[in-house]
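Just follow the structure's listing: the first ligand is 1, and inside any ligand the first atom is 1. Just so it is clear, the values below take in all heavy atoms, side chains as well, and ignore hydrogens, waters and symmetry mates. Please read all numbers here as calculations on a predicted model, not as lab measurements.
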Amino acid sequence: MPAAQIATDPDRPILRFAPSPNGLLHLGHALSAILNHNMALAMNGSFLLRIEDIDLARCTPDYEDAIYRDLSWLGLSWEDPPRRQSEHFETYQEALGRLMDMGLVYPAFMTRGEVKAKVADSEASGATWPRDPDGSPLYPQDDRHLSDTERKRLIESGIRYSWRLDMDKALERVSDALTWREINDGAERLVPADPAAWGDVILSRSDAPSSYHLSVTVDDAAQGITHVVRGMDLYHATSVHRLLQELLGLPQPIYHHHRLILGTDGRKLSKSEGSTGLAALRDAGLGPLDIRGLLGLEG
Ligand code: GLU
């Protein structure tokens, strides 16, 4: 839904919960959804739902239905209709096209296996390969430097490729130091953004016409989101989103990254962890208030 279709009041806060229907929601999702919902209510704003289903291989209608069921059971309501990313691939392609026209993206041909082998080779010889904030090795820069003829030849050969942002060129386009506005306990601070830490991020995959970073940035603008409230696991990703906002001329929301709910092993919950799944807790006889209690939230 383009921003123009939402009846927005520029002063009215708009928040969103943006789950991916690739598994069942757990306590961590409940915290995020309830915080967004409560903040929207407290600010007399809107609470939107976005279904992040660009990964067509892993997202299913059943999981999407489960999201609606679990959120309704928690007592949350959102403005209909939810935005489904799979219905907006053209919008992400258009944004990618603009970055292409600016000369900031390149086709990347290395498979995951090839990247792994290259990193292993380099590390075997004692070098340290740079890693992103999530711990994944940065994409090698080889494809950045291919000639147009070579790119054309590879594309015409039919091999799979994705589109990546040339981080150095992208940063050259941004004159001022990038920051984002983070609120916590009512106080706002400016956080320095460090998109370079992510290297040449992926913007469009061979098997999905967008990436998380591109679609989330485009959608937050399209939905007029004023406050992005999400888990600390996405804190560093905000650096990339700020860069894309600057490059694409999109407004910057205010961010709040909330605490994560950890499993008994001290790690972030995953969708495969049934015992903290909302459906499992409901089946075990818990109610929405019990969930708020488990999350340390009042009433
Ligand atoms: N779809 C993302 C997730 O399920 C959240 C995206 C966001 O809040 O920015 O982790």
Side-chain angles (χ1 to χ4, degrees), residues 13-40 46-60 63-64 66-68 70-71 74 76 78 82-89 92 95 132-134 136 180-183 191 193 195 198 201-203 205 208 210-245 250-263 267-273 276-278:
I14 304 181
L15 288 85
R16 51 49 166 203
F17 174 57
S20 292
N22 57 8
L24 292 171
L25 298 189
H26 54 57
L27 283 173
H29 296 107
L31 177 65
S32 217
I34 294 172
L35 288 178
N36 269 289
H37 186 264
N38 289 357
M39 279 178 71
S46 304
F47 173 62
L48 309 183
L49 179 60
R50 183 161 79 226
I51 302 296
E52 301 216 323
D53 58 351
I54 51 171
D55 185 349
L56 298 173
R58 291 175 61 224
C59 294
T60 70
Y63 284 135
E64 186 178 327
I67 290 173
Y68 303 137
D70 289 345
L71 294 181
L74 285 173
L76 308 183
W78 54 91
R83 179 180 174 97
R84 297 167 78 221
Q85 290 190 323
S86 56
E87 291 167 3
H88 296 275
F89 284 136
Y92 313 133
D132 70 23
D134 284 347
S136 300
W180 79 81
R181 297 167 66 186
E182 175 86 19
I183 40 165
V191 180
W198 293 92
V201 286
I202 196 159
L203 296 179
R205 300 180 176 279
S210 186
S211 71
Y212 160 67
H213 292 307
L214 184 62
S215 42
V216 90
T217 306
V218 167
D219 281 351
D220 282 337
Q223 292 188 288
I225 302 301
T226 57
H227 295 70
V228 171
V229 175
R230 60 185 176 194
M232 275 302 289
D233 52 334
L234 292 169
Y235 187 82
H236 293 291
T238 305
S239 288
V240 177
H241 305 167
R242 281 292 299 118
L243 174 61
L244 292 175
Q245 285 157 7
L250 304 174
Q252 57 164 316
I254 296 173
Y255 291 85
H256 168 60
H257 294 92
H258 61 72
R259 65 189 160 96
L260 296 178
I261 304 292
L262 303 178
R267 294 171 58 163
K268 195 183 116 178
L269 298 181
S270 84
K271 284 196 169 123
S272 52
E273 258 166 298
T276 57
L278 298 181

For ligand 1, which atoms sit closer than 4.0 Å to a heavy atom of [X]?
{"X": "Val216", "result": "9 (O)"}
{"X": "Arg16", "result": "7 (C), 8 (O), 9 (O)"}
{"X": "Ser20", "result": "1 (N), 4 (O)"}

Backbone or side-chain N or O of Leu234 under 3.5 Å from ligand 1 N or O: no

Nearest neighbour of atom 6 (C) of ligand 1 from the list Arg50, Arg230, Glu52, His213, on a heavy-atom basis: Glu52

With Phe89 via ring-ring contact (aromatic ring centres under 6.0 Å, His included) - residues at least two apart: none

Ring centres under 6.0 angstrom apart (Tyr235, His258): no

Aromatic ring proximity His256/His227, centre distance under 6.0 Å: no

Partners meeting side chain to side chain donor-acceptor pair (under 3.5 Å) with Ser46 (sequence neighbours left out): Arg12, Glu79

Tyr212 heavy atom under 4.0 Å from ligand 1: yes

Test item: Ser32 side-chain N/O and Arg230 main-chain N/O as donor-acceptor pair under 3.5 Å: no

